[in-house]
Number of protein chains: 2
Amino acid sequence: MSAITTALTDWEHVQPPAARRLLTGAIAAFAERGYQATTTRDIASRAGMSPAALYVHYSSKEKLLFEISLYGHKAALDVLSSVEGSTPTERLQAMVSAFTVWHAEHHTVARVVQYELAALSPDHLAEVATYRRSISALMEKVLADGVSAGTFQVDDLPGTALALLSLSIDVARWYSPARQPPEALGSLHAALALRMVQA
Amino acid sequence: MSAITTALTDWEHVQPPAARRLLTGAIAAFAERGYQATTTRDIASRAGMSPAALYVHYSSKEKLLFEISLYGHKAALDVLSSVEGSTPTERLQAMVSAFTVWHAEHHTVARVVQYELAALSPDHLAEVATYRRSISALMEKVLADGVSAGTFQVDDLPGTALALLSLSIDVARWYSPARQPPEALGSLHAALALRMVQA
DNA sequence: GTCTATAATCTGATAGAC
DNA sequence: GTCTATCAGATTATAGAC
């Protein structure tokens, strides 16, 4: 597990602890009810503080969302880019599996990353959009490699890449830990993905 | 096109016209910014009315959301259940294609249907949940039929059915008419779906 | 760095005239 | 059935004491 992925798991890089409590409280609240339905009082009370204390650590509610979204996007990109494998087949399976596992394991953060983009300021949205384009590019690259090698047969490359990402991203919408372990879901999606593109 | 699907396209069954203008305005607003970020003033002004006029036609903002969500769920179920085909292969392709086309063509309503469930009251959520279970059951049925007939090979039936639905549902998240016609996307998804389950 | 208190604004919804 | 006016409460954010 890379440094950034480990960091996302415990958020220990967010200092001081009060700022971390606010951030993890905000993640839980945003994932549960959405950004707009979450109040600063709600976030502060989850962190055991008064509403005013939030503004010592974050200049606004939107800035808190941005911190979560930015770090979440970095972690999601890291998960895809740190995959290893000597063939396109191996890499595609590892990518789809890891991306699905991440969306299941971190489904609260993933929900904020995937469904609260509209609440970001234009500047902040532009910044996370660069990470989103990198994620799409990685998926398109492995498909192109497989086509070149003759192991994949893909008619619509951008469309197929988007469909593969959809499979993992949509996990954030419905996943609940009670349903199944993330790894089982990752294996299923990796197998389905391979069948979708195999020559 | 069945009666309910035609009706969803123009909402002519919503009477009087003032109620319809409020409802279509609410769909646009909810899809654009989400339910919580949309104000009753916003909805009313899109319909060319004062905020107070909304309450002559709908008893609350949540009731308006429920009307949209309920009818949207009915239409989505209708799209899946009115599919024809003599073999599981034909029916699966037609179902995935039609479900994807519906989510692209009606991506504003679909966004409300798929992403605003948390804003519904417990009673209203329970009512739309019955439609959601029917949708899942239809997808699981066609897979089971294909397995029985020997044309499909499916290891995890509920998981694969959910993955197939995900492919279409996630369209509501990213679709923009500028990107591609709904039918092209439907064909792509139908082809990918078939490869996912073919024996 | 946290608190209490509060400013300034916005929210869903209602009252009553026309 | 639509309007203007408004209520009662909630919202983000700030001021100033400790």
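Just so you know, these numbers come straight off a predicted model, no measurement behind them. Sequence lines set the chain letters: A, B, ... in the order given, protein chains first and strands last, and positions in each chain run from 1.
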Using side-chain contact (heavy atoms from CB on, under 4.5 Å) as the criterion, list what pairs up with [X], not counting sequence neighbours.
X: A/Ala110; result: A/Trp102, A/His103, A/Ala172
X: B/Ala29; result: B/Thr38, B/Asp42, B/Arg46
X: B/Ala53; result: B/Met49, B/Ser50

Applying salt bridge (Lys or Arg N to Asp or Glu O under 4.0 Å) as the test, list every pair that has at least one member in [range]; sequence neighbours left out.
range: residues 174-199 of chain A; result: none
range: residues 111-130 of chain B; result: none
range: residues 162-176 of chain A; result: A/Asp170-A/Arg173
range: residues 47-73 of chain A; result: A/Lys63-A/Glu67

Could you work out the complete set of other residues in the hydrophobic cluster of A/Tyr115, with links drawn between I, L, V, M, F, W and Y side chains under 4.5 Å apart?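 The other cluster members (ILVMFWY side chains, heavy atoms under 4.5 Å, direct or chained) are B/Tyr115.
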
Protein and nucleotides 8-12 of chain C: nitrogen or oxygen contacts under 3.5 angstrom:
from, atom 1, to, atom 2, distance (Å)
C/dG12, OP1, B/Thr38, O, 3.3
C/dG12, OP1, B/Lys61, NZ, 2.9
C/dG12, OP2, B/Thr40, N, 2.9
C/dG12, OP2, B/Thr40, OG1, 3.2
C/dG12, N7, B/Arg41, NH1, 3.1
C/dG12, O6, B/Arg41, NH2, 3.2

Integer-rounded Å distance: C/dT14 P and B/His57 NE2: 15 Å

Interatomic distance, A/Arg21 CZ vs C/dG1 P [rounded to whole Å]: 12 Å

Among D/dC3, C/dC3, C/dG1, the nucleotide that comes nearest once only the side chain of B/Ser50 is considered: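 From the listed options, D/dC3 comes nearest.
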
Give, ordered by number, those residues of residues 23-33 of chain A having at least one heavy-atom distance below 4.0 Å to an atom of DNA chain C; if nothing qualifies, reply none.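 Those residues: none at all.
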
Listed pairs, N/O of protein and of nucleotides 15-18 of chain D, under 3.5 Å:
none

Would you check if the distance from the ring center of A/Tyr71 to the ring center of A/His13 is below 6.0 Å? yes

Mind checking what makes side-chain hydrogen bond (donor to acceptor under 3.5 Å, both in side chains) contact with A/Ser148, not counting sequence neighbours? none

